[in-house]
Amino acid sequence: MKRTDRVNFILNDFDKDSYSRDLIKWFKEEQRILPWRENQDPYRVWVSEIMLQQTKVDTVIPYFHHFLEKFPDLKTLAEANEQEVLKAWEGLGYYSRARNLQNAVREVVEEYNGVVPANPVDLGGLKGVGPYTKGAILSIAYDTPEPAVDGNVMRVLSRVLRIEEDISKQSTRKLFEELVREIISHEDPSSFNQGLMELGALICTPKTPSCMLCPVQSHCRAFDEGLETELPVKSSKKKQKKSPYLLLLIQNEKGDILIEQRPEDGLLASLWQYPMVPLQDIDRDSVPHWFYGEYGLNIELGESSGQIKHVFSHLIWEMEVVKAKVVSGNLDHGRAKWMNNSDIEDYPFPVSHQKAHSLY
DNA sequence: CATGCGTGGTC
DNA sequence: TGACCAAGCAT
């Protein structure tokens, strides 16, 4: 069946207007008070949507306040140093979000006269603005009836419309976008989209949904058939690979500590860290020799001062933290430098290395 | 379409 | 403790 036919089939016999009315009424009464809901400033909406990608509201709130204080508008963010932006993002994760956001903001300032585009093509062309974020900004900041399909929306609609497609597949998101195009309120698309997400966050939760409190229970096919905990269908992820490392806290004679900047692309791009010895490849006894080859310094290892684990989505670093002292040699490494302990505020670190620093 | 990309919370 | 989850995007 074609997708258009599928959409018509699914929505045949579904009371869109009544559903939309009940959802919006509930949202207006029960929505949480959140800092990015104070007004419709497209910049604030944009920043919040980027921060909220794969990240809980409670985690985002303090970052949002600090970020808006430091970068109150497009121009301020466009003119900031990238390291400053990353420092404000420190601990939030998915750091390419921050770099893409700043790049896109610079593009808006230069190419769009400092006005966030209100049309899908220009907006969706910005770095880091995908189908969801595009729809969220268009509907929330500009009251445009565009779908904003995230994990919440797919969960809620999987249940309400009893859809059994695997929501981890991209084609499934497109199905939901077409469904939302048919259902969305044209009077208040912002409340409709936010209501769908708010419902997913507060009522229609993944494990134990509060169906008895649900404002659209009477519209829900899954509830009707007792299938609410069977939906949505979501294929499972692979489990992470573990990699062992030695993490070195190395002091020189001045008491400065050795740090290095990660590559500009990939994992934790452009962040700073303490030197890490991959024990997968390097024999423990040959660490000083390996280290001399990489950094030009002869070091003497001290006692182990703890274990730190860094769990990523797709891998796990298991790091043994070891203090070390420089015996001789000169630092010869393109991305490494000595950091005075009081300068730590100048360098964005991943969380695992912030923890390591506390052992220093 | 699958994979890489963080982190903290929950059960 | 491990598995799963959370307002996704780029490649």
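Chain naming here is simple, since letters A, B, ... match the order of the sequence lines and numbering starts at 1 in each. None of these values were measured; they are calculated from a predicted model.
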Measure NZ/Lys239(A) against P/dC5(C) and give the value in whole Å, please.
17 Å
Protein-nucleotide distance (Leu126(A), atom CG; dA10(C), atom P), rounded to Å
10 Å
Return no unless some side-chain N or O of His314(A) is found under 4.0 Å from OP1 or OP2 of dG4(B).
no
Would you say a side-chain N or O of Thr55(A) is under 4.0 Å from OP1 or OP2 of dG6(B)?
no
Using atom CD1 of Ile50(A) as one end and atom P of dT7(B) as the other, report the distance to the nearest whole Å.
18 Å
Pick the P atom in dT3(B) and in dC4(C), then give their distance to the nearest Å.
16 Å
Any chance you could lay out the side-chain hydrogen bond (donor to acceptor under 3.5 Å, both in side chains) test for Tyr63(A) and Ser48(A), step after step, and finish with the verdict?
CA-CA 10 Å; Tyr63(A) 282 91; Ser48(A) 74; over 6 Å; no
What integer number of Å spans the P atoms of dG8(B) and dC9(C)?
22 Å
Walk me through whether Phe71(A) and Phe67(A) qualify under ring pair (Phe, Tyr, Trp, His ring centres under 6.0 Å).
CA-CA 6 Å; Phe71(A) 313 111; Phe67(A) 198 90; 4.9 Å; yes
Here's a test of your reading of the structure: between Gly266(A) and Lys169(A), which maps to the more 5' nucleotide of DNA chain B?
Lys169(A)
Does Tyr95(A) make a side-chain N or O approach to OP1 or OP2 of dT7(B) shorter than 4.0 Å?
yes
If you draw a 6.0 Å radius around NZ in Lys75(A), do more than 12 non-hydrogen atoms from other residues or ligands fall strictly inside?
no
For residues Leu248(A) and Met276(A), determine if any side-chain heavy atom of one lies less than 4.5 Å from a side-chain heavy atom of the other.
no
Of His310(A), Met319(A), Gln280(A), Glu318(A), which is the lone residue that meets side-chain contact (heavy atoms from CB on, under 4.5 Å) with Tyr245(A)?
Met319(A)
Give the nucleotide from the list dT7(B), dG6(B), dG8(C) with an atom nearest to the side chain of Arg97(A).
dG6(B)
Ser96(A) side chain N/O closer than 4.0 Å to the phosphate oxygens (OP1, OP2) of dC9(C)?
no
In whole Å, I'd like the distance from the CG atom of Leu315(A) to the P atom of dG4(B).
9 Å
Mapping Ser313(A) and Lys207(A) onto DNA chain B by nearest heavy atom, which one lands closer to the 5' end?
Ser313(A)
Got a sec? Which of residues 346-360 of chain A come in under 4.0 Å of DNA chain B, heavy atoms?
Pro350(A), Val351(A)
How long is the line joining CG of Leu101(A) and P of dC9(C), in whole Å?
13 Å
What is the distance from CG of Leu92(A) to P of dC9(C), rounded to the nearest Å?
15 Å
Any side-chain N or O of Gln170(A) under 4.0 Å from OP1/OP2 of dC1(B)?
no
Of all pairs that satisfy salt bridge (Lys or Arg N to Asp or Glu O under 4.0 Å), the ones with a partner from residues 261-286 of chain A, not counting sequence neighbours:
Arg284(A)-Glu320(A)
